[in-house]
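Working notes, beginning with the structure itself.
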Amino acid sequence: NVRNDLRNIAIIAHVDHGKTTLVDQLLQQSGTFRDNEQVQERAMDNNDLEKERGITILAKNTAVRFEDKLINILDTPGHADFGGEVERILKMVDGVLLVVDAFEGCMPQTRFVLKKALEQKLTPVVVVNKIDRPAARPDEVVDEVLDLFIELGADDNQLEFPIVYASAINGTASLNPEEQDENMKALFETIVESVPAPVDNGDEPFQFQVTMLDYNDYLGRIGIGRVFRGTLKRGDQASLVQPDGTVKNFRITKMFGFLGLKREEIEVARAGDLIAMSGVEDIMVGDTICPPSHIEALDAVRIDEPTLQMTFLVNNSPFAGREGDHVTSRKIEARLLTQVETDVSLRVEPTSSPDAWTVSGRGELHLSILIENLRREGYELQVSKPEVIIRNVDGAACEPYENVQVDVPEEYTGSVMESLGERKGEMQNMINKGDGQVRLEFLVPSRGLIGYTTEFMSQTKGYGILNHSYDSYRPLAQGYVGGRRQGVLVSMETGKATGYGMLQIEDRGTLFVEPGTDIYEGMIVGENTRDNDLTVNITKMKAQTNIRSATKEATVTMKRPRLLTLEEALEFCNEDEYCEVTPQSIRLRKKVL
Ligand code: GDP
C-alpha cells in the first residue's frame with residue numbers, strides 16, 4: 001500500500017544552475033502560486049551570502065501540486081560543515097532532483113550531498129537545465145554525471161537515472177535534448193513515475209520524527225519532519241520520546257502541512273507527509289512522537305558535534321566610539337539564543353563576563369556564516385580567532401581532522417602539496433586525470449585549514465577547487481600547524497606603515513606578502529600601479545619566532561592594504577588581537593585589557 005498522492009524529494013544544485021527558477025516554474029505551472037505571489041517571493045531564492053559563497057546555506061521547503069498529487073521539495077545545504085543536516089533532510093525524502101547546468105556540468109560543491117543521497121539509496125532524477133543556452137552540451141554533461149555517479153558508488157538502479165532536459169527560464173522540459181515541450185509536464189511526470197511513493201501504513205500507531213527545527217516568536221520552537229507511520233490528529237494524546245529514552249506526554253495542538261511557499265494548518269497528518277508541529281515543549285531534532293500506548297522511538301539521527309569555538313564579545317573597542325552597554329549585550333545574547341533554537345550544531349555558553357560568550361560550531365564556515373549574518377543585521381561585535389575544540393579520547397588529547405579534496409591544474413600541484421604539508425596535511429591520494437587536472441586528497445588537522453581557502457585561491461590563481469569534510473578526532477598534530485605569518489611593512493623612507501600582509505617563506509628565502517600584523521621593515525623599490533602591487537626590499541626584519549629563514553634582502557610583492565574578508569581576519573588574527581566586525585568593515589584590533 002502506497003501513498004500515490006504524494007512524493008517527497010530533495011533538490012541538489014550548484015548555486016546559479018537554476019534551482020530557484022525551476023521551482024518557481026513548477027509552482028506556477030502547478031497553480032500553487034496565486035498570481036500576485038510570484039512577484040514578491042521566489043521559491044528557494046538564495047540570499048546574498050549564499051550567492052557570495054556559492055553554496056546553499058539555508059534549508060527551505062516548497063510543495064507543488066501535479067494533478068492529484070502533492071510533491072514536497074526540500075532544499076539541501078551545500079557544504080560539508082552541514083553534513084548532519086543534509087543527512088537528516090535526506091532521511092525525509094525518497095528521491096533527489098539533481099539540477100545541472102547544461103553547459104557547466106556538475107560542480108564539486110554538489111558532490112558531497114549527492115554522495116550522501118546515493119549512499120542512502122535515494123532515487124535520482126537528473127535535470128539538465130538551461131538547455132536553451134547556445135553553448136549547451138547536454139550529452140557530455142550527462143556523461144559527466146554518469147561518471148560522477150559511478151565514482152560516488154551509485155548502485156545499478158541509480159545508474160539508470162531518468163534525465164529531463166529543461167529550460168527553467170522558459171518553463172519548458174522534455175525527455176528529448178533536441179526538442180522542448182511547451183511546459184514542464186515531462187518533469188512532473190518523471191518525478192511521479194520514478195520517485196517511489198511513500199508507504200501507506202496509516203492504520204498503524206503513528207510515528208513522527210523531528211529532523212529540522214524552525215522558530216518564530218509567535219509559535220516558539222517548531223519541529224519539522226516526516227510522519228513515518230500511522231495517522232496523527234489534532235487533539236490526540238501523544239508522547240515525545242527523546243533519544244535518551246525520556247518520555248514526555250502532551251496533546252497535539254498545532255500541525256502544519258506545506259503548500260507552495262506557505263504552511264497551512266492541518267487537522268490530520270498521514271504516513272509519508274512532511275509536517276511542522278508547534279506547541280510541544282522542548283521539541284528537539286531526533287525526537288520521535290508516538291501514541292502513549294505505543295512508545296517506540298525511531299533510530300537516532302546524526303547531529304554534528306561542534307569542533308571549533310570562538311569568543312563573541314560586545315564591541316566595546318575605543319574605536320567603536322562608545323562603550324558596550326547592557327542593552328547591546330542583551331540584544332546580542334537574545335539573537336544568539338534564537339539561533340540556537342534552530343541550529344542544533346551550535347552552542348552558546350556564558351563566560352565570566354556578561355558581555356562575552358563562547359560560541360561553538362561545526363567549522364569555520366558554520367561560524368563565519370553566523371558572524372556574517374549578524375553583521376548584515378546591523379550587529380557590531382568582536383570575535384576571537386577560532387580554536388579547535390580539543391577532546392580527550394581514550395586518554396589521548398585529540399583534535400578534529402578533515403578530508404580535503406583538491407582539484408587543480410597540474411602546474412599548481414607542487415605549491416598546494418607544500419602548503420598543505422606545512423599545515424600538517426598528509427596526502428592520501430593523487431589522481432592525474434590526464435586532462436591537465438590533478439586531484440589530490442589529504443587528511444589535514446582542522447586547525448591547519450583555518451583561513452586556508454584564501455591562500456589556496458591565490459595560490460591556484462582561482463583555478464583550484466577545494467572541498468573538505470570532517471573526518472574524525474585524531475591525536476593532536478605535533479609542532480607548528482599553519483603556513484603563513486603576518487607582517488606590516490614599514491616604509492624606510494617615511495617610517496610609516498605602508499601596508500600589512502601575510503608573509504610566506506619560499507625556498508629561496510623570498511617572502512611573499514598578501515594582505516594581514518608583525519613589523520617588518522622594508523623599502524619600496526617599485527610600484528606597479530596597474531596591478532596595485534608594491535615591490536619592497538626587506539632590509540630589516542624584526543625577530544620572528546615562526547619564520548624559519550629569510551635572507552636579509554628579500555623581494556616582497558604585496559597588494560595594497562584593503563578591507564579584509566572575514567576568513568582572512570580570522571586567520572590573520574593573533575592571540576593578542578580580535579576581529580572587529582561591524583556592518584561597515586572587518587578589522588583586526590589589538591586587545592585592550
Ligand atoms: P539558483 O542559484 O540555482 O537558484 O539559480 P537561479 O534560479 O537564481 O538562476 C540563476 C541564473 O540562471 C538566473 O540568472 C536565471 O535567470 C538563469 N537561468 C535559470 N534557468 C535558466 C535556463 O533554463 N536557461 C537560461 N538561459 N538561464 C537560466
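Side chains are part of it too, since the values below use all heavy atoms of this structure and drop only hydrogens, waters and symmetry mates. Read the numbers this way: they start at 1 and go in the same order the structure lists the ligands and their atoms.
- Note on Asp214 versus Arg221: no salt bridge recorded, every NZ/NE/NH1/NH2 to OD/OE distance being 4.0 Å or above.
- Between the side chains of Asn403 and Glu441, no donor-acceptor pair of N or O atoms lies under 3.5 Å.
- Between Ile131 and ligand 1, a contact under 3.5 Å exists for no N or O pair.
- Atoms of ligand 1 found under 4.0 Å from any heavy atom of His14 (numbered from 1 in listed order, with element): 3 (O).
- In terms of N/O distances under 3.5 Å, ligand 1 is approached by Ala168.
- With respect to Glu119 and Lys115, a salt bridge is recorded, a charged nitrogen being found less than 4.0 Å from a carboxylate O.
- Between the choices Asp24, Ile169, Asp132, the shortest heavy-atom distance to atom 26 (N) of ligand 1 belongs to Asp132.
- A salt bridge between Glu189 and Lys69 is absent, with no side-chain N of the basic residue lying under 4.0 Å from a carboxylate O of the acidic one.
- In this structure, Glu104 does not pair ionically with Lys130, as no charged nitrogen and carboxylate oxygen lie closer than 4.0 Å.
- One option in Lys130, His17, Gln25 has a heavy atom closer to atom 17 (C) of ligand 1 than any other, and that option is Lys130.
- For atom 7 (O) of ligand 1, the choice among Val15, Thr21, Asp75 with the nearest heavy atom turns out to be Thr21.
- The six-membered or imidazole ring of Tyr463 lies away from that of Tyr412, with a centre-to-centre distance of 6.0 Å or more.
- Using a 4.0 Å cut-off between heavy atoms, Ser167 contacts ligand 1 through both its backbone and its side chain.
- In summary, the atoms of ligand 1 found under 4.0 Å from a heavy atom of Arg133, numbered by their order in the structure, are 26 (N).
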